[in-house]
Amino acid sequence: QGDAVWRFWTTLHFMKITYGLLAAPFLLFSMPFLGSALKQKCKRTGYDKHGLLCATLSSSQKRKVFAQRKEKAQRDKEKREAARAEARANGQGKAAVNSQRTMPSGSSGSADVFMV
């Protein structure tokens, strides 16, 4: 039994030494000047709505895009309301407003009206 205990502690000691030697190259990355030279400066990336890889937006860019989308939604809403008001003024109902919308190109339907 004394021989087994000695072998256990010797094996444990050599495992610690091997681990330390294998970790030594990564010590270079933790040095202030040498580590920054070895590390690459990569941009953060993400996926857009269409599944394409692109650079991640900063917070100021996100606010700008959000404001642009909000303005576009407001303009679209105003256009819809103006079309409805014009249809009502001409004595036409809601069907006339919907009939002004057409199917997107490349659609396979035979109908010539695209209802939303």
Please determine if Asp76 and Arg80 form a salt bridge, counting it only when a charged side-chain N lies under 4.0 Å from a carboxylate O. no
Can you tell me how far apart CD (Gln61) and CZ (Arg63) are? Round to the nearest 0.5 Å. 10.5 Å
For Ser30, what residues pass the side-chain contact (heavy atoms from CB on, under 4.5 Å) criterion, not counting sequence neighbours? Leu27
Are the side chains of Leu53 and Tyr47 in contact, using a 4.5 Å heavy-atom criterion? yes
Can you measure from CD1 (Ile17) to CG (Leu22) and round to the nearest 0.5 angstrom? 12.0 Å
State plainly whether one hydrophobic cluster holds both Phe66 and Leu57, where clusters connect Ile, Leu, Val, Met, Phe, Trp and Tyr through side-chain heavy atoms under 4.5 angstrom apart. no
Taking atom OG1 of Thr18 and atom NE2 of His13, what is their separation to the nearest 0.5 Å? 9.5 Å
What residue among Arg69, Gln74, Arg75 forms side chain to side chain contact (heavy atoms under 4.5 Å, CB included) with Glu71? Arg75
